[in-house]
2 protein chains.
Amino acid sequence: MKAQELHGHLDALLLAVLEQGALHGYAIIEALRARSDGSLDLPTGTIYPALRRLERAGHVASTWSTVNGRERRTYELTDAGRRALAGERAGWHEFRVTVGRFLDPGSPPGTPA
Amino acid sequence: MKAQELHGHLDALLLAVLEQGALHGYAIIEALRARSDGSLDLPTGTIYPALRRLERAGHVASTWSTVNGRERRTYELTDAGRRALAGERAGWHEFRVTVGRFLDPGSPPGTPA
DNA sequence: CCTTCATACGTAGCTACGCTACTTGTCGAA
DNA sequence: TTCGACAAGTAGCGTAGCTACGTATGAAGG
């Protein structure tokens with residue numbers, strides 16, 4: 001799918017992926033691709049800046065490690081990040097219902113009961 | 001809701017509103033507000049440029065009329081617009097499923113059956 | 001009469017944010 | 001030794017919605 005439509009929801013996706021355990025950037029990209037059956041194939045230029053944004057916001061924390069001579073920055077959800085994720089989930093739900101009222105089939109204009 | 005999350009979905013909303021009949025810009029804003037129970041209260045600076053974009057793209061057509069001394073530009077879906085709306089609906093569905101896999105409750109990681 | 005508010009259109013400039021394209025570097029395989 | 005997967009990152013661009021204006025009419029209220 002056209003990924004630009006993610007606008008505003010990327011942070012939530014990243015937090016959701018990290019909810020299941022700490023990962024490094026590259027692995028996050030792979031996790032998104034895997035869990036979406038390839039629909040979400042996000043470039044590094046999207047992920048890395050987003051992760052730094054989340055870190056600045058205090059929603060994730062990172063630690064460096066070296067594995068096989070390769071530098072890895074591993075990201076982990078903070079408590080604030082977990083709270084933020086809950087908020088993002090609520091926001092996503094409202095968004096999905098609101099937009100769905102216009103775009104989902106079944107009950108366009110006047111559907112009282 | 002924070003309207004910036006609409007990013008990329010606004011066109012679809014406008015087409016969906018016009019699907020039920022031609023409306024002028026101001027009325028479109030009111031229709032969005034009404035059908036979303038007030039969640040979508042979009043400023044004119046968002047709607048008018050968007051409508052012109054849709055017109056340039058050939059998805060809507062506009063006709064001027066004067067009602068009570070007030071100028072009205074009434075927008076109507078074109079056939080291409082109707083096709084575009086169908087595409088937007090499909091895109092919305094895929095988007096909602098993909099993002100939902102991460103943010104909706106119920107089936108986070110490995111849910112085979 | 002004059003102000004104010006709802007109606008109705010519109011533009012200029014800002015900002016957020018995801019994307020493209022690029023760089024740096026290690027390691028394993030061909 | 002060259003190429004591709006792994007791993008991180010930045011600079012600059014484009015899209016698109018938002019803020020804050022500006023214009024104009026008609027109705028309501030003082």
Side-chain angles (χ1 to χ4, degrees), chain A residues 1-15 17 22-34 36 39-57 59-60 62-75 88 91 95 98-99, chain B residues 1-15 17 22-34 36 39-57 59-60 62-75 88 91 95 98-99:
Chain A
M1 59 173 246
K2 285 176 296 175
Q4 26 265 83
E5 298 168 358
L6 279 182
H7 240 292
H9 304 282
L10 176 61
D11 290 9
L13 290 183
L14 293 176
L15 295 176
V17 166
L23 289 174
H24 62 280
Y26 197 87
I28 290 173
I29 294 174
E30 294 184 316
L32 285 167
R33 190 167 43 222
S36 68
S39 295
L40 288 174
D41 197 357
L42 304 182
T44 67
T46 292
I47 298 302
Y48 291 123
L51 287 169
R52 312 189 113 247
R53 227 191 316 125
L54 289 174
E55 187 166 28
R56 267 203 314 279
H59 295 162
V60 302
S62 69
T63 48
W64 281 100
S65 57
T66 304
V67 178
N68 287 5
R70 290 219 186 80
E71 298 284 296
R72 280 186 180 177
R73 174 121 92 166
T74 300
Y75 290 91
E88 295 277 8
F95 174 76
T98 301
V99 177
Chain B
M1 59 172 246
K2 286 175 296 176
Q4 26 265 81
E5 298 170 356
L6 279 183
H7 240 289
H9 305 281
L10 176 61
D11 289 10
L13 290 182
L14 293 175
L15 294 175
V17 166
L23 289 175
H24 62 281
Y26 197 87
I28 290 174
I29 294 174
E30 292 184 317
L32 285 167
R33 190 168 42 222
S36 69
S39 295
L40 288 173
D41 197 357
L42 304 182
T44 67
T46 291
I47 298 302
Y48 291 124
L51 287 170
R52 312 188 115 246
R53 229 190 316 125
L54 288 174
E55 187 166 29
R56 268 204 314 278
H59 295 161
V60 303
S62 70
T63 48
W64 281 100
S65 58
T66 304
V67 178
N68 286 6
R70 292 219 187 80
E71 299 284 296
R72 282 186 179 178
R73 173 122 94 167
T74 300
Y75 291 91
E88 296 276 8
F95 174 77
T98 300
V99 177

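- Taking atom NE2 on B:H7 and atom C1' on C:dG18, their separation rounds to 9 Å, with Å as the unit.
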For residues 48-56 of chain A, run the donor-acceptor check on the side chains, cut-off 3.5 Å, and write out each pair with its distance to 0.1 Å, sequence neighbours left out.
from	atom 1	to	atom 2	distance (Å)
A:R53	NH1	A:D11	OD1	2.8
A:R53	NH1	A:D11	OD2	3.1
A:E55	OE1	A:S62	OG	3.4
A:E55	OE2	A:S62	N	3.2
A:E55	OE2	A:S62	OG	2.7

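- Considering only side-chain N and O atoms, A:R53 lies under 4.0 angstrom from the phosphate OP1 or OP2 of C:dG18.
- Within the 4.5 Å cutoff, no side-chain heavy atoms of A:T63 are placed close to those of A:R73.
- Taking atom CG on B:L54 and atom P on D:dT15, their separation rounds to 15 Å, with Å as the unit.
- B:L32 is listed as a side-chain neighbour of B:L14, based on a closest heavy-atom distance under 4.5 Å.
- The side chain of B:P43 approaches D:dT19 more closely than any other nucleotide in the set C:dA21, D:dT19, C:dG10.
- Regarding contacts with the backbone of C:dC9, every side-chain N or O of B:R52 stays at 4.0 angstrom or more from both OP1 and OP2.
- Between B:Y48 and C:dG10, a side-chain N or O to OP1/OP2 separation shorter than 4.0 Å is absent.
- Under 4.0 angstrom from either OP1 or OP2 of C:dC19 there lies at least one side-chain N or O belonging to A:T46.
- An angle of 0°, rounded to 10°, separates the two end axes of the helix from C:dC1-D:dG30 to C:dA30-D:dT1, each defined over five pairs.
- What separates CG of A:L6 from P of D:dG14 is a distance of 21 Å, to the nearest Å.
- Rounding to the nearest 0.5 Å gives a distance of 7.5 Å between CG of A:L42 and CD1 of A:I29.
- OP1 or OP2 of D:dA7 sits under 4.0 Å from a side-chain N or O of A:H24.
- For the pair A:Y26 OH and D:dG4 P, the interatomic distance rounds to 14 Å; values are reported in whole Å.
- Where B:G45 and A:P49 each meet DNA chain C at their nearest nucleotide, the meeting point lying more 5' is that of B:G45.
- Proximity of residues 64-71 of chain A to DNA chain D (heavy atom under 4.0 angstrom from any strand atom) is restricted to A:W64, A:R70, A:E71.
- Checked against salt bridge (Lys or Arg N to Asp or Glu O under 4.0 Å), B:R33 has the following partners two or more places apart in sequence or in another chain: B:D41.
- Scanning for salt bridge (Lys or Arg N to Asp or Glu O under 4.0 Å) contacts around B:R70 gives an empty result, with sequence neighbours left out.
- Ring-plane geometry between B:H9 and A:F95 is classed as perpendicular, the angle between the planes exceeding 60 degrees on a 0 to 90 degree scale with a lower cut at 30.
- Inter-residue side-chain proximity for A:L6 and A:L40 is flagged as met; some heavy-atom pair is nearer than 4.5 Å.
- Partners of B:S65 according to the side chain to side chain contact (heavy atoms under 4.5 Å, CB included) rule, which considers only residues two or more places apart in sequence or in another chain, are B:V67, B:R72, B:T74.
- The side-chain heavy atoms of A:H24 and A:Y75, taken from C-beta on, include no pair separated by under 4.5 Å.
- One can place CD of B:E30 at 7 Å from P of C:dA8, the figure rounded to the nearest angstrom.
- In this entry the distance linking CG of B:L14 with C1' of D:dA16 reads 13 Å, nearest Å.
- Rounded to whole angstrom, the span from the CG atom of B:L32 across to the P atom of D:dC18 amounts to 11 Å.
- Atom CG of B:L42 and atom C1' of D:dA16 are 13 Å apart (whole Å).
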